[in-house]
Amino acid sequence: MLHHLPLQTIKPLTTAHLAQTMSLLSLTAAELQEQIEAELASNPALEMLDELRCPVCHRKLPRQGICPVCSQPVLSQGEEAVVFVSTREVYTGFGEPQDDEDREDNGALEEESLAVHVFRQIAPDIPSEDRKIAAFLLTHLNEDGLLTISLQEIASYHHIPVERVRNIQRVIQRADPVGVGSVDPKEALLAQLSLLEETQPVPALTRKMIEEGLDLLSRHQFHELARMMKVSVGEIQRIASFISKNLNPYPGRSSWGESKGGRIANQQVFYKPDILITLSTNGDQEVLVVEILFPLWGTLRVNPLYRKAIQEVDEELKEDMRQDLERASLFVKCLQQRNHTMQRLMQRIVAWQKDFILKGDKFLKPLTRAQIAKELGVHESTVSRAVANKAVQLPSGKIIPLADFFDRSLSARIVLKELIMHETKPLSDAELVKLMAQRGYEVARRTVAKYRAMEGILPANLRRACY
DNA sequence: CTATGGCACGGATT
DNA sequence: AATCCGTGCCATAG
């Protein structure tokens with residue numbers, strides 16, 4: 001499963017080797033890039049070759065993606081996950097590679113960051129010739145995450161058919177603040193609904209109600225609606241509450257900026273993924289493909305000329321050069337080790353959490369770092385470091401911290417949320433404990449209260465009956 | 001009296 | 001060794 005990896009050079013485990021590998025492990029893709037560039041600049045024995053060869057067949061690799069020859073046999077083995085290091089570009093902004101390193105450019109940047117956030121998610125999924133259109137579209141969002149110009153305008157501006165713009169928009173709508181890039185609240189709601197339908201049951205008629213009676217709905221004219229849809233008022237209210245709980249007509253608002261009352265503040269937004277998980281259909285098999293993003297393109301190696309030159313140099317210089325060489329080869333080894341470890345780590349994680357990745361939060365299986373460490377035969381702290389401060393992009397386009405795979409209570413919280421969402425009368429914490437227990441979640445009353453707080457759900461006595 | 005939130009403790013995790 | 005998380009106890013609000 002891992003035979004296509006550069007494994008040859010993993011044996012001399014000196015302490016220096018170990019220490020440096022450790023520190024490299026904990027770096028994010030962006031930090032790694034800095035580190036490599038610094039090393040490259042300071043050590044003349046290192047060189048970066050402007051080409052990439054497959055470690056197995058030594059064919060030249062295309063600028064993006066993996067070896068088309070060697071990836072084949074791996075994909076066809078029916079593995080749960082294929083993991084490899086990819087040099088795929090990490091998208092940092094629109095068009096030109098601009099320095100967005102600067103700190104808060106206040107308002108302007110704040111507004112733009114929603115667009116950047118979305119762009120990063122979708123960029124890998126759309127052909128490069130469409131990216132500038134996507135970028136254009138994203139620059140015309142208002143603070144609600146809705147489009148300020150029509151699709152026709154975009155199409156005629158770029159001289160392309162409207163249908164093509166619409167396809168790009170569809171991709172965008174499925175990205176993180178779901179529904180972003182819609183022309184109006186109605187379209188945003190429908191986009192969210194479509195995505196929701198893929199993972200969970202949705203009340204019948206919800207779609208019809210949004211499509212046909214949105215203006216009535218927003219004015220709470222339930223009786224009018226009931227007559228129009230030919231169902232009871234109670235049914236209408238049920239759907240209405242479902243909509244207000246699960247959907248958001250202004251995608252830009254909820255997840256962005258404003259922190260809702262009682263929300264835990266650690267909901268950090270990650271912009272740049274370090275790892276990419278995509279779903280690839282290989283024949284009839286669905287395979288998860290994991291890419292460990294590697295920030296630089298090319299082959300890092302010890303400069304062979306430098307190695308030669310050392311022979312023909314005075315004694316005093318020789319010692320210095322020897323050290324440079326030593327450092328260089330150590331660095332390369334550490335880098336290989338880091339990649340190797342990351343690959344094995346992700347392989348295990350993805351295999352274990354496959355359902356979570358494909359079907360959503362509810363299917364997160366409990367997992368501890370210690371467990372993975374044992375399976376991998378590495379120290380726990382190694383896993384800890386590797387997992388900390390990194391972000392993963394899921395096939396859905398969502399970017400989450402890698403540590404989320406180890407969240408012990410996420411699935412319990414989701415169950416709790418559903419329980420409350422479907423309740424017919426406000427349930428007290430104690431009652432919720434019982435219901436949770438029936439579903440196999442044994443938690444204390446006090447804990448239910450905490451989960452509620454985390455999800456920003458009001459206590460029962462303040463909760464409005466849900467229908 | 002009941003339902004919740006605060007504080008702090010202990011065991012697990014990192 | 002430091003931190004996180006679930007929990008129990010107790011005060012407080014309704």
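Just so we're on the same page: letters track the sequence lines, and every chain starts at 1.
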**Q** What is the distance from atom CE of A:Met342 to atom NE2 of A:His340, rounded to the nearest 0.5 Å?
**A** 13.0 Å
**Q** Would you call A:Arg445 and A:Glu431 a salt bridge, taking side-chain N to carboxylate O under 4.0 Å as the test?
**A**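 Looking at A:Glu431 together with A:Arg445, the answer is no, because their closest N to O distance does not fall below 4.0 Å.
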**Q** In whole angstrom, give the distance that lies between atom CG of A:Asp407 and atom P of B:dA12.
**A** 19 Å
**Q** Side-chain contact test, heavy atoms from C-beta onward, threshold under 4.5 Å: evaluate it for A:Thr206 versus A:Met209 and give yes or no.
**A** no
**Q** For A:Asn389 and B:dT14, give me the distance from atom CG to atom C1', rounded to whole Å.
**A**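 It works out to 13 Å between those atoms.
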**Q** Between A:Lys362 and A:Asp355, is there a side-chain N and carboxylate O pair less than 4.0 Å apart?
**A** no
**Q** Taking atom C1' of B:dA12 as reference, at what distance in whole Å does atom CD of A:Gln371 sit?
**A** 14 Å
**Q** Over all strands shown, is A:Arg452 touching base, sugar-phosphate only, or nothing at heavy-atom distances under 4.0 angstrom?
**A** sugar-phosphate
**Q** Just how far, in rounded Å, is C1' of B:dG5 from CD of A:Glu455?
**A**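 These atoms are roughly 18 Å apart.
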**Q** Rounded to the nearest 0.5 Å, what's the gap from CG on A:Leu24 to CD on A:Glu39? Could you check?
**A**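 Reported value, rounded in 0.5 Å steps: 9.0 Å.
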**Q** Which residues satisfy the side-chain contact (heavy atoms from CB on, under 4.5 Å) test with A:Ser411, sequence neighbours excluded?
**A** A:Tyr441
**Q** Below 4.0 angstrom, which residues in residues 429-438 of chain A have at least one non-hydrogen atom near DNA chain B?
**A**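 Nucleic-acid contacts, sorted: A:Asp429.
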**Q** Expressed as a whole number of angstroms, how long is the span from A:Glu380:CD to C:dA1:C1'?
**A**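 Interatomic distance, CD of A:Glu380 to C1' of C:dA1: 14 Å.
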**Q** If a pair satisfies salt bridge (Lys or Arg N to Asp or Glu O under 4.0 Å) and one of its residues is in residues 380-389 of chain A, list it, with sequence neighbours excluded.
**A** none
**Q** Rounded to whole Å, please give me the gap between CG in A:Leu402 and C1' in B:dT14.
**A** 14 Å
**Q** Summarise protein proximity over nucleotides 3-14 of chain C in one line of letters, 5' to 3': B for base, S for sugar-phosphate only, - for none, counting protein heavy atoms closer than 4.0 Å.
**A** --SSBBB-----
**Q** Can you name the side-chain contact (heavy atoms from CB on, under 4.5 Å) partners of A:Asn339, sequence neighbours left out?
**A**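 In terms of side-chain contact (heavy atoms from CB on, under 4.5 Å), with neighbours along the sequence ignored, A:Asn339 is linked to A:Val85, A:Phe294, A:Gln343.
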**Q** Check the phosphate of B:dT14 against A:Arg369, side-chain N and O only, distance under 4.0 Å to OP1 or OP2. Yes or no?
**A**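 For A:Arg369, the contact criterion (side-chain N or O under 4.0 Å from OP1 or OP2 of B:dT14) is met.
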**Q** Test of understanding: with side-chain contact (heavy atoms from CB on, under 4.5 Å), list the residues that count as partners of A:Gln323, not counting sequence neighbours.
**A** A:Glu319
**Q** Just checking A:Ser384: base, sugar-phosphate only, or nothing, at a heavy-atom cut-off of under 4.0 Å?
**A** sugar-phosphate
